[in-house]
Amino acid sequence: MKCATFAVEKRIKERHGSMKNMKMYEPEDRMISLIKDNYSLLQALGSFGINMGFGDRTVGETCKMNGVDTYTFLAVVNFTVNGHGDFDNDELLDVPTLLRYLKASHAYYLDFQLPFIRRELAASINEDDSLGRLIMKFYDEYARELHRHMKYEEKTLFPYVQSLIDGHPASNYNIETFSKHHEQTDKKLRELKLLIIKYLPADNHLNNQLTATLYDIYNNEEWLRQHSEVEDRIFVPAIRRLETAARQNDVSKNISTMVFRNGTDNGEALSERERDVIVALVQGMANKEIADHLCISVNTVITHRRNIARKLQIHSPAGLTIYAIVNGLVDISSVKL
């Protein structure tokens, strides 16, 4: 089914000629062919936990060998290479795989790429050039900003997603909070690139070094753009689906608890009269009407309602209606929904 999905969409895209790279990669393609076509995917391999030395194995074989979900790997690859993907309703994406990928991408950029570019930039600038020193200061400010941005995700977003995966979602956060405040982090990198090109005087000795540094900055600008798009277009929709599933599970658990508890809490069963009061409440009667209907006082009705709430831990009319239906106290056809 997964292979068929990629194959069908490949034919559609190729027919219309709307893709940057006319190839839609599938599990049967050889991994080496994928890398030869798109060398920029080398870093993605490491973030997915895929090691070099895969020989002539296919994408599917390589992913299986490295414990990576093939469908999710190809979804990210085909999106970053071709811009392909509508992930809002894609339930086949594996969230743990996406989470590992994003964590590893952060580690790659913060621990390796940022320091690497800084060393390159420092080697490209004459220490006696005051403008060069200002550009180094600009880069350091950019690096701190990006570090703050990614560390926020690591301390707040990623643990929340893990709690969803574990089935115990944290209640003080949701993916919409992240989505609303998810800022693009590549603006300063673009500005840095333009400052170097426009204003930094390079002597002949350092010009080649500066050109190589600029090339790496261009590549990292593109990498950051793709990273943000993977988060926004693939990761965020997948987390929304996890949140929806978690809410549905909570409702199911609550209803199941009411069914199997059968009116007991801590060993206390509802009395027959308390059940009669619930039925009357579900039918929309007020306290005075219940008292007249059951030939008891209003104070007794209030006492019964207090005991019902304590035993069931249900305080709303809607909750009592659900309880009455699932426990067979009333027929759903007789309830106004």
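All values below were derived from every heavy atom in this structure, side-chain atoms included, with hydrogens, water molecules and symmetry-related copies excluded.
- At least one side-chain heavy atom of Leu45 sits less than 4.5 Å from a side-chain heavy atom of Phe54.
- Linking Ile, Leu, Val, Met, Phe, Trp and Tyr whenever their side-chain heavy atoms come within less than 4.5 Å puts Phe116 and Leu121 in one cluster.
- Following chains of ILVMFWY side-chain contacts shorter than 4.5 Å, one can reach Val95 starting from Leu92, so the two form part of one hydrophobic cluster.
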| task | Apply the test salt bridge (Lys or Arg N to Asp or Glu O under 4.0 Å) to residues Glu222 and Arg225: give CA-CA distance (whole Å), side-chain angles for both, the deciding distance (0.1 Å), then the verdict. | result | CA-CA 5 Å; Glu222 176 64 14; Arg225 183 191 64 77; 2.4 Å; yes

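- Both Ile239 and Ile165 are assigned to one and the same hydrophobic cluster, defined by single-linkage of ILVMFWY side chains at heavy-atom distances under 4.5 Å.
- Comment: Arg241 does not engage Glu91 in a salt bridge, judged by the lack of any side-chain N to carboxylate O separation of less than 4.0 angstrom.
- Between Leu270 and Asn307, the closest side-chain pair of non-hydrogen atoms is not below 4.5 Å.
- Taking CZ of Arg30 as the reference point, atom CD of Glu61 lies at 7.0 Å (rounded to 0.5 Å).
- With a 4.5 Å cut-off on side-chain heavy atoms, Val77 and Val59 do not count as touching.
- Between Tyr108 and Gln113, the side chains place a donor N or O and an acceptor N or O closer than 3.5 Å (distance only, hydrogens not considered).
- Shown here are the side chain to side chain contact (heavy atoms under 4.5 Å, CB included) partners of Ser297, two or more places apart in sequence or in another chain: Asn299, Thr300.
- The heavy-atom pair separating Ile32 from Gly55 by the smallest distance is CB-O, 4.3 Å.
- In this structure, the side-chain hydrogen bond (donor to acceptor under 3.5 Å, both in side chains) partners of Gln162, at least two apart in sequence or on a different chain, are Asp166.
- Between Tyr101 and Phe235 there is no side-chain heavy-atom pair separated by less than 4.5 Å.
- Relative ring orientation between Phe73 and Phe48 is described as perpendicular, the plane-to-plane angle rising above 60° on a 0-90° scale split at 30° and 60°.
- Side-chain contact annotation: Asp90 with Tyr71, donor-acceptor N/O pair under 3.5 Å present.
- Residues Met285 and Leu281 form no side-chain contact, since every pair of their non-hydrogen atoms from C-beta on lies 4.5 Å or further apart.
- Looking at residues two or more places apart in sequence or on another chain, you find no side chain to side chain contact (heavy atoms under 4.5 Å, CB included) involving Lys64.
- Side-chain polar atoms of Tyr160 and Glu243 form a donor-acceptor pair below 3.5 angstrom.
- Contact between Ile234 and Ala75 at its shortest, heavy atoms only, is CD1-O, 4.2 Å.
- Rounded to the nearest 0.5 Å, atoms OG (Ser105) and NE2 (His227) are 6.0 Å apart.
- Within a 6.0 Å radius of OH in Tyr215, other residues, nucleotides and ligands contribute 12 heavy atoms or fewer.
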| message | side-chain contact (heavy atoms from CB on, under 4.5 Å), that's the test. Do Val301 and Lys288 meet it? Break it down for me. | response | CA-CA 8 Å; Val301 173; Lys288 179 67 168 61; over 6 Å; no

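- Legend: residues meeting side-chain hydrogen bond (donor to acceptor under 3.5 Å, both in side chains) with Thr62, ordered by chain and number and at least two apart, are absent.
- Side-chain atoms of Asp29 come within 3.5 Å of backbone atoms of Glu26 as a donor-acceptor pair (strictly under, hydrogens ignored).
- Screening residues 97-124 for salt bridge (Lys or Arg N to Asp or Glu O under 4.0 Å) gives Arg118-Asp140 as the qualifying pairs, with residues at least two apart or on separate chains.
- Looking only at side-chain heavy atoms (C-beta outward), Val298 and Ile290 stay at 4.5 Å or farther from each other.
- For the pair Leu98 and Ala238, the tightest heavy-atom approach, listed with the atom from each and the gap, is CD1-CB, 4.2 Å.
- Partners of Ala324 according to the side chain to side chain contact (heavy atoms under 4.5 Å, CB included) rule, which considers only residues two or more places apart in sequence or in another chain, are Ile278, Val282, Leu329, Val330.
- Panel note: side chain Thr72, backbone Asp94; a donor-acceptor pair is recorded below 3.5 Å.
- Ion pairing between a basic and an acidic side chain is recognised when a charged N comes within 4.0 Å of a carboxylate O; Glu274 and Arg305 show no such pairing.
- Placement of Phe79 and Leu42 within a single hydrophobic cluster is found when ILVMFWY residues are connected by side-chain heavy-atom separations under 4.5 Å, directly or transitively.
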| said: As a quick check of understanding, evaluate side-chain contact (heavy atoms from CB on, under 4.5 Å) for Cys63 and Asp69, giving each step before the final call. | reply: CA-CA 6 Å; Cys63 286; Asp69 181 72; over 6 Å; no

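- In the hydrophobic cluster analysis, where Ile, Leu, Val, Met, Phe, Trp and Tyr join through side-chain heavy atoms closer than 4.5 angstrom, Tyr218 is grouped together with Leu192.
- Residues Leu242 and Ile175 have side chains not in contact (no heavy-atom distance under 4.5 Å, counting atoms from C-beta outward).
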| task | In sequence, state the C-alpha distance, the side-chain angles, and the governing distance for Met31 and Thr58, and then conclude on side-chain contact (heavy atoms from CB on, under 4.5 Å). | result | CA-CA 5 Å; Met31 184 67 84; Thr58 66; over 6 Å; no

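- Ring-plane geometry between Tyr139 and Tyr142 is classed as tilted, the angle between the planes lying from 30 to 60 degrees on a 0 to 90 degree scale.
- Taking the six-membered ring wherever Trp is involved, the centroid distance between the rings of His106 and Phe158 falls below 6.0 Å.
- Taking CG from Leu224 and CE from Met150, the interatomic distance works out to 5.5 Å, rounded to the nearest 0.5 Å.
- Of the N and O atoms on the side chains of Asp37 and Tyr25, at least one donor lies less than 3.5 Å from an acceptor on the other residue.
- When only modelled atom types and interatomic distance are considered, His149 and Glu153 share a side-chain donor-acceptor pair under 3.5 Å.
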| Could you go step by step and tell me if Leu194 and Glu191 meet the side-chain contact (heavy atoms from CB on, under 4.5 Å) rule? | CA-CA 5 Å; Leu194 293 175; Glu191 190 174 346; 5.9 Å; no

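- For the 3.5 Å distance criterion, the side chains of Arg275 and Asn327 fail to qualify, holding no donor opposite an acceptor.
- Taking CD of Glu154 as the reference point, atom CG of Leu157 lies at 10.0 Å (rounded to 0.5 Å).
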